[in-house]
Student: 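There's a structure below that I have some questions on.
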Amino acid sequence: MTAAATPKWKAGRPDVLLLALTVTLVVAGLVVVYSSSFVISLVRFGEPTHYIMRQMIWATLGAVFMILAIRTDYRMLRPLAVPLMLGTIGMLVAVLVIGQEAHGAQRWIGVGSLTVQPAEFAKLTIIIYMAAWLSSKGENVKSIEQGLVPFVIIMGAVATLIMMQPNMGTTLIILGIAVTMFWAAGASIWQLGSLVVVGGGTMTMLALAEGYRLQRLMTFLNAEADPDGYGFQTLQALIAMGNGGFSGLGLGASRSKFFYVPESHTDGVFAIIGEELGLIATVAIVCIFMLFMVRGYQVALRARDDFGALLAVGVTTWVVLQALMNIGGITRVIPLTGVPLPFLSFGGNAVAALLMGVGVLLSVSRYARPPGDPPENGGSNEASEPPGGRIVRRKRS
Amino acid sequence: MANQRVLGTRRIWLPGVVMGLLAAVIVARLVELQVIEHERYAQQAREELQGSSTELARRGAIVDRNGHAFATSVDTWDIYVNVQAWTDPDAADRAANELAPAIGRDPGELKHEVLESGLIDTIVARGVDYETGRDLIDEHPPGVIALPNTTRVHPEGDLAAGLIGIFGMDNVGLSGIEAGLNDELHGQPGQAIFERDTAGEPIPFGQYVATESIPGKDIVLTIDRYLQRLAEQTLAEAIERHEAAGGTVVMMEPDTGEVLAMANEPSLKFSNLNLLEPGQVELMRNPAVTDMYEPGSVMKVITAAAALDAGMINPDTTYTDTGSVDIYDVSIRNWDYRTYGEETMTGVLQHSINTASVFMADLLGADRFHSYLDAFGFSEPTGSELPGEASGFFRRPDDPGWSPVDLATQSFGQGINVTPLQMTSAFAATINGGKLLQSRFVKAHVNPNGEREDARPNVIGEPISEQTSATMRRMLEDVVHPDWHSVAEPQYYRAGGKSGTANIPVPGEEYDDAQVASYIGFAPVDDPKIVILVKLDDNADRLTGTQAAGPVFAELVDASLSYLNVPPDAAQYTEAR
């Protein structure tokens with residue numbers, strides 16, 4: 001299908017609540033990134049604003065991307081899905097060849113003083129590609145030859161490339177998003193089950209094969225065994241949040257960012273939030289992400305076509321799953337995987353990619369049926385639906 | 001049509017529920033962490049955040065009796081690097097590049113040293129001067145910690161180094177006055193309690209409680225830097241002239257017990273201080289108070305004073321020398337194997353007749369002789385402020401191995417071990433009117449607020465009467481100024497004194513060839529202002545105490561008394577006035 005053949009739809013307003021949640025997260029992110037990074041910035045670069053300046057530049061850039069994406073009909077992305085995917089694979093290969101190494105992993109490509117982390121943008125392009133591919137399959141998704149096998153090959157290749165950096169956190173996120181989209185597209189329960197079992201098994205084996213991942217797992221189980229070594233990050237994060245209590249020590253007043261919580265401005269930012277602003281803020285953040293999930297999935301349900309629905313599922317899952325993996329890891333509910341907290345952790349590429357993704361989600365929301373408008377009526381839009389595409393909802397949101 | 005709804009998107013309730021459940025668990029966990037277990041974590045945070053640091057107090061200065069500094073402390077910095085901050089390569093590079101030039105190091109080397117040290121805090125420079133340290137603090141390179149400290153400077157160079165001594169990095173004295181008066185000098189360290197980061201540095205807005213350090217007291221010594229330099233130079237020349245292994249000069253004010261100068265050779269030198277060298281640790285002792293020697297004939301002064309004081313003899317009592325005295329199977333001879341015939345007690349001291357001092361000790365008997373030795377302070381440390389004083393040793397009738405021969409030899413200074421300071425102090429008591437004073441090196445303490453506490457002369461005992469002392473002065477004057485010319489006679493002053501030539505006790509051999517040539521005396525005779533002991537160890541030219549140490553004594557009397565503005569009293573000068 002080409003863009004020229006896309007029927008003209010009347011665009012509505014983007015989902016205001018999702019936009020508000022996103023803006024809230026970005027603004028809060030700038031505040032907590034500054035609070036959690038000025039100490040480490042001072043030590044590393046002799047000035048407190050090194051990280052926050054970069055974060056602001058990337059957030060601004062991301063906001064421009066988001067506005068462009070909102071104003072664009074998301075269906076324009078469909079023909080771009082394959083080139084984007086090829087480009088992504090090219091970048092993932094390139095980062096392994098010419099990438100810069102930091103902290104024992106090769107994740108960045110330098111462009112002047114700017115560094116780009118292809119894996120962050122890969123999340124978005126894979127969502128676009130999977131949405132295009134799955135929606136083109138229709139009911140055939142349920143078959144093994146047309147559904148499961150190609151899915152496993154594509155995702156296996158992408159996962160392998162990212163694992164080679166190595167970057168287990170991002171791999172898990174991408175697989176989680178893809179499997180969720182595969183499920184939403186109609187994969188059978190046994191397909192889902194076997195993916196979870198096989199994928200989980202492979203990941204566990206990789207974890208056991210690599211010393212530091214095994215160590216992370218052991219730390220999750222018994223951090224107290226090595227409080228000054230492997231358990232340090234886990235325990236210090238808990239102390240930070242615990243010390244924050246109900247209302248926190250006050251914005252900026254974290255003691256843990258003085259190198260007690262490692263990576264306080266990236267993966268560990270939630271601990272600093274918990275220490276400075278207390279339970280009120282931590283629970284609020286979890287609630288914001290939950291609200292984001294409900295609203296994002298509602299957009300998927302209201303989307304006018306499968307491509308849009310799957311895009312909405314993908315982007316929403318990305319934001320929320322990554323948030324829960326980060327927060328779950330920091331609070332020691334699940335093992336620590338080293339993924340940043342969307343919008344709130346320092347990371348320019350991440351915030352730019354996420355804002356682009358949310359832009360796509362909001363673009364889908366502009367063309368979605370308004371809430372309460374049953375799909376049968378098709379609202380004021382011209383597109384008619386085949387009987388098989390009807391979505392029957394027992395309950396309206 | 002692919003752009004229409006065919007898929008069962010509603011199935012996303014499943015991932016939604018899964019993530020919702022996870023979120024619910026997380027919220028429950030947050031409530032547990034931040035509310036239920038809040039107190040426990042807050043306690044853990046308090047414990048790991050609590051840091052403290054000790055700031056050593058500024059050490060008091062050591063100055064001579066006129067306020068000239070021998071040792072004083074200036075503010076400097078010790079520079080440490082916390083390795084934790086340098087595990088980050090960017091931070092380490094930046095810090096090393098800023099720090100290295102300030103302490104005169106190569107950045108690469110410095111980084112290597114810190115990262116390889118295996119320590120949390122590595123000290124990279126000590127005694128960095130105040131300005132450089134301040135600049136470093138302003139730049140604040142990561143992990144670099146500047147702790148205030150002080151560095152000891154010695155404005156007089158190596159002068160009196162052995163006497164002043166040294167102290168360790170913990171501000172605790174190791175030798176000399178620095179050790180003996182450590183309690184006064186070291187002051188009270190200050191302490192800070194604060195919330196610290198993982199490098200141990202205070203968190204800027206954290207809580208901070210500090211007590212200021214209280215500087216140590218300044219010590220005003222009884223030493224006069226001019227006399228000290230005179231003593232050291234004169235001793236060094238004499239050692240060279242007589243090819244001696246070493247030596248000691250002590251100058252004391254007889255009426256107060258104040259030591260005006262104390263020189264030892266060999267001696268610790270600030271300019272060449274390296275305690276890792278084997279020989280240097282030996283130099284931390286001050287042999288004038290820690291090492292004992294046999295004083296030899298100098299002891300006859302004490303024997304005579306005791307016999308006079310006990311009324312056994314008077315200066316004109318005669319004794320007929322036959323050249324030797326037999327005690328049991330031991331025959332005691334005179335040092336020069338001569339026979340002097342009939343001599344007065346003054347003549348006995350002039351000629352240093354051994355047999356006559358045996359006669360005096362016999363008149364007293366061992367018990368009375370020993371109680372005089374006790375009264376003169378030969379059985380305990382002088383009580384000066386210097387560390388490690390020896391107490392002296394001589395055998396008594398109750399001691400194992402006692403023989404009456406011991407009493408005989410002790411009377412002329414053999415088989416009795418004393419320190420040079422004990423000898424000086426006892427001699428001072430003999431000629432100052434009979435008062436044994438505590439030997440002192442400290443004239444005053446000065447508190448940080450400027451308040452000065454002067455030490456007072458401390459009379460320990462009165463071993464002999466004032467009259468005996470006056471008699472001793474006359475007799476000793478006749479020893480220095482006999483009818484014939486003596487090399488120990490000062491040019492400008494009338495002095496009293498006595499020589500000694502003794503063998504050095506060597507383990508294994510009772511008497512070795514090594515000898516100690518010494519001279520002790522005072523001047524002016526009528527109103528003694530100074531007591532001077534000169535001791536040369538193992539002079540290779542084998543000259544006697546009078547021949548080797550006597551001229552040194554004479555030279556020192558002339559130079560020191562004219563410095564002290566004491567009018568000359570030698571016959572030709574008094575007549576000229």
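Hydrogens, waters and symmetry mates play no part in the numbers below; they use all other heavy atoms, side chains included. Reminder, nothing fancy here: chain letters follow the sequence lines and each chain counts from 1.
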Student: Chain A heavy atoms under 4.5 Å from R196(B): which part of the residue, side chain, backbone, both or neither?
Tutor: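 Both parts, backbone and side chain.
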Student: Taking every non-hydrogen pair under 4.5 Å, which of G143(B), A45(B), A28(B), A95(B) racks up the most with chain A?
Tutor: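 The residue among G143(B), A45(B), A28(B), A95(B) with the greatest pair count is A45(B).
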Student: Using heavy-atom distances under 4.5 Å, tell me whether T282(A) contacts chain B through its side chain, its backbone, both, or neither.
Tutor: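 For T282(A), heavy atoms of backbone and side chain both lie under 4.5 Å from chain B.
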Student: Answer with side chain, backbone, both or neither: which region of E37(B) has an atom nearer than 4.5 Å to a non-hydrogen atom of chain A?
Tutor: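 Contact with chain A: none, neither part.
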Student: If I measure from the heavy atoms of chain A, does E32(B) come under 4.5 Å with its side chain, its backbone, both, or neither?
Tutor: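 No part of it gets close to chain A.
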Student: For residues G127(B) and D78(B), report the shortest heavy-atom separation together with the two atoms involved.
Tutor: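 Nearest heavy atoms, G127(B) then D78(B): N-OD1, 3.2 Å.
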Student: Regarding R40(B) and Q43(B), do their side chains bring together a donor and an acceptor under 3.5 Å, going by distance alone?
Tutor: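 No.
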Student: Let's test your reading of the structure: which of F246(A), Y297(A), Y260(A) forms the most heavy-atom pairs below 4.5 Å with chain B?
Tutor: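 Option with the greatest count: Y260(A).
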Student: Please rank I36(B), L30(B), D90(B), V35(B) by heavy-atom pairs under 4.5 Å with chain A and give me the top one.
Tutor: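 Answer, by heavy-atom pair count under 4.5 Å with chain A: L30(B).
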Student: Taking side chain as everything from C-beta outward and backbone as N, CA, C, O, which of these in V18(B) sits under 4.5 Å from a heavy atom of chain A? Side chain, backbone, both or neither.
Tutor: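 Neither part; nothing is under 4.5 Å.
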Student: Please name the pair of heavy atoms, one in E276(A) and one in A253(A), separated by the smallest distance, quoted to 0.1 Å.
Tutor: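 Shortest heavy-atom contact: OE2-N, 3.4 Å.
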Student: Would you mind telling me which of T317(A), V286(A), V294(A), L192(A) has the largest number of heavy-atom pairs within less than 4.5 Å of chain B?
Tutor: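 Highest number of heavy-atom pairs under 4.5 Å: V286(A).
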Student: Does any backbone or side-chain atom of S247(A) lie under 4.5 Å from a heavy atom of chain B? Answer side chain, backbone, both or neither.
Tutor: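 Neither part; nothing is under 4.5 Å.
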Student: Can you see whether W86(B) has R94(B) sitting over its ring - NZ or CZ less than 6.0 Å from the centre and within 45° of the normal?
Tutor: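 No, a cation-pi geometry is absent between R94(B) and W86(B).
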Student: Tell me, for M241(A) versus chain B, whether the close heavy atoms (under 4.5 Å) come from the side chain, the backbone, both or neither.
Tutor: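 Both backbone and side chain.
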Student: Just checking, is any N or O donor in the side chain of R78(A) or S135(A) under 3.5 Å from an acceptor N or O on the other one?
Tutor: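 Side-chain D/A pair, R78(A) to S135(A): present.
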Student: State, without any angle test, whether D135(B) and T132(B) hold a side-chain donor-acceptor pair at a distance under 3.5 Å.
Tutor: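 The criterion, which ignores hydrogens and geometry beyond distance, is not satisfied for T132(B) and D135(B).
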Student: Among L238(A), T180(A), V320(A), which residue has the highest count of heavy-atom pairs closer than 4.5 Å to chain B?
Tutor: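 The option with the most such pairs is L238(A).
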Student: Give the minimum heavy-atom separation between I103(B) and A125(B), together with the two atoms involved.
Tutor: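 Heavy-atom minimum between the residues: CG2-CB, 3.7 Å.
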Student: Less than 6.0 angstrom from the centroid, inside 45 degrees of the normal: does R75(A) satisfy that with respect to the ring of F307(A)?
Tutor: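 Not satisfied by the 6.0 Å and 45° rule.
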